[in-house]
Number of protein chains: 2
Amino acid sequence: MRLLHVRDSVSVFAALGDETRLQIVARLCKEGPASIVRLSEGFAMSRQAITKHLHVLEGAGLVRGSRPGRESVWELLPERLDVARASLDQISAEWDAALGRLKDFVEK
Amino acid sequence: MRLLHVRDSVSVFAALGDETRLQIVARLCKEGPASIVRLSEGFAMSRQAITKHLHVLEGAGLVRGSRPGRESVWELLPERLDVARASLDQISAEWDAALGRLKDFVEK
DNA sequence: ACCATATGCAACCTCTTGGTTGCAAGATGG
DNA sequence: CCATCTTGCAACCAAGAGGTTGCATATGGT
């Protein structure tokens, strides 16, 4: 169950490991749900490029799109950020545990 | 200063967004510093592939290598994980702020 | 001095990524 | 109904990522 989290977090990290996508996440976060055209206005690249990035984010579960009418609106799913956070915390916890073991070893 | 953090965190996310590299980080964390041959024993790929991954991690500041003698030993730099954590926290904080504004808007 | 070990370097290969363009097609508003 | 707006789809492309192999080089132990 723990290892599944780690596996899962890889896709989240990979999705956030691109400047454009991280900016998309930040914008969706600050400005709320937005359509593709509105989102692409903020970037110096084509609408289709933004669409591809949205699909990557969707694949990582970070974002969800719906289509009421002719425009597709995308919103952030902030719960998925916790997966990455949990992974970081797990690594840090194991690091601390390793330090503890080292300390025990030195003192004995 | 804040935006520099965000820019910086992209490289950390990208470095962690690969299963092999995340496993390397986990191993360095649990088992402490290790040489390249010792690290590559755990993976089904060549030593050079591991070396490349270590250089990517080094580029993100997550890992540091030294060479005492004939083997090069690599260790984790856990402080860099805080950069990613800070970025996640910033996004979450802005999300909460956005929810707060929405609540104000609805109530007024 | 010699041999085994550990690494670095460089060339090479394949598949993916991030981006483009062009065109077709489904809503919308007058 | 028509013009417009927004999107989806597909083909295409250059560059980078991830991996391999072969060879050169430095270090350590005997």
Query raised in the report: Ignoring hydrogens and angles, are the base of dG26(C) and the side chain of R67(A) linked by a donor-acceptor pair under 3.5 Å?
Result: no
Query - Beyond-backbone contact of D8(A) with R80(A), side-chain heavy atoms, under 4.5 angstrom - result: yes
Query raised in the report: Starting at CG of L39(B) and ending at P of dG8(C), how long is that distance when rounded to a whole Å?
Result: 12 Å
**Report entry** Distance-only donor-acceptor test, Q48(B) side-chain atoms vs dG22(D) base atoms, 3.5 Å
**Finding:** yes
**Report entry** Separation of atom CE in M45(B) from atom C1' in dT21(D), rounded to whole Å
**Finding:** 16 Å
**Report entry** Minimum side-chain heavy-atom gap L39(B)-L54(B) below 4.5 Å
**Finding:** yes
Requested in this report: Starting from the 5' end of DNA chain C, give me the residue, T20(A) or P68(A), whose nearest nucleotide shows up first.
Outcome: T20(A)
**Report entry** Student check: side-chain heavy atoms of E71(A) and R38(A) closer than 4.5 Å
**Finding:** no
Query - Spacing of R47(A) atom CZ relative to dG18(C) atom P, expressed in whole Å - result: 19 Å
Report task. Return the value, rounded to whole Å, for the distance between atom CD1 of I50(B) and atom C1' of dG8(C). Result -> 16 Å
Requested in this report: Measure from the side chain of A49(A), starting at C-beta and using heavy atoms only, and say which of dG8(C), dG19(C), dT6(D) lies closest.
Outcome: dG19(C)
Query raised in the report: Between the side-chain atoms of R70(B) and the base atoms of dT7(C), is any donor-acceptor pair under 3.5 Å?
Result: no
Query raised in the report: Between H53(B) and dG19(D), does any side-chain N or O lie under 4.0 Å from OP1 or OP2?
Result: yes
Report task. Among V83(B), L77(B), L76(B), find the one that has a side-chain contact (heavy atoms from CB on, under 4.5 Å) with E79(B). Result -> L77(B)
Report task. Respond yes when some side-chain nitrogen or oxygen of S46(B) is under 4.0 Å from OP1 or OP2 of dT20(D), and no when none is. Result -> yes
Query raised in the report: How many Å lie between CD on E71(B) and P on dT25(D), as a whole number?
Result: 22 Å
Query raised in the report: Do L28(B) and L57(B) have side chains that get closer than 4.5 Å, going by heavy atoms?
Result: no
**Report entry** Interatomic distance, F43(B) CZ vs dG18(D) C1' [rounded to whole Å]
**Finding:** 14 Å
Report task. Among the candidates dG18(C), dG8(C), dG19(D), find the nucleotide nearest to the side-chain atoms of T51(B). Result -> dG8(C)
Report task. Starting from C1' on dG8(D), measure out to CD1 on I36(A) and report it in whole angstrom. Result -> 9 Å
Query raised in the report: Which part of the nucleic acid does R38(A) contact within heavy-atom distance under 4.0 Å: base, sugar-phosphate only, or nothing?
Result: nothing
Requested in this report: With the side chain of S72(B) defined as its heavy atoms from C-beta on, choose the nearest nucleotide among dA6(C), dG8(C), dG8(D).
Outcome: dG8(C)
**Report entry** Rounded distance (Å) that lies between atom C1' of dG19(D) and atom CG of D18(B)
**Finding:** 11 Å
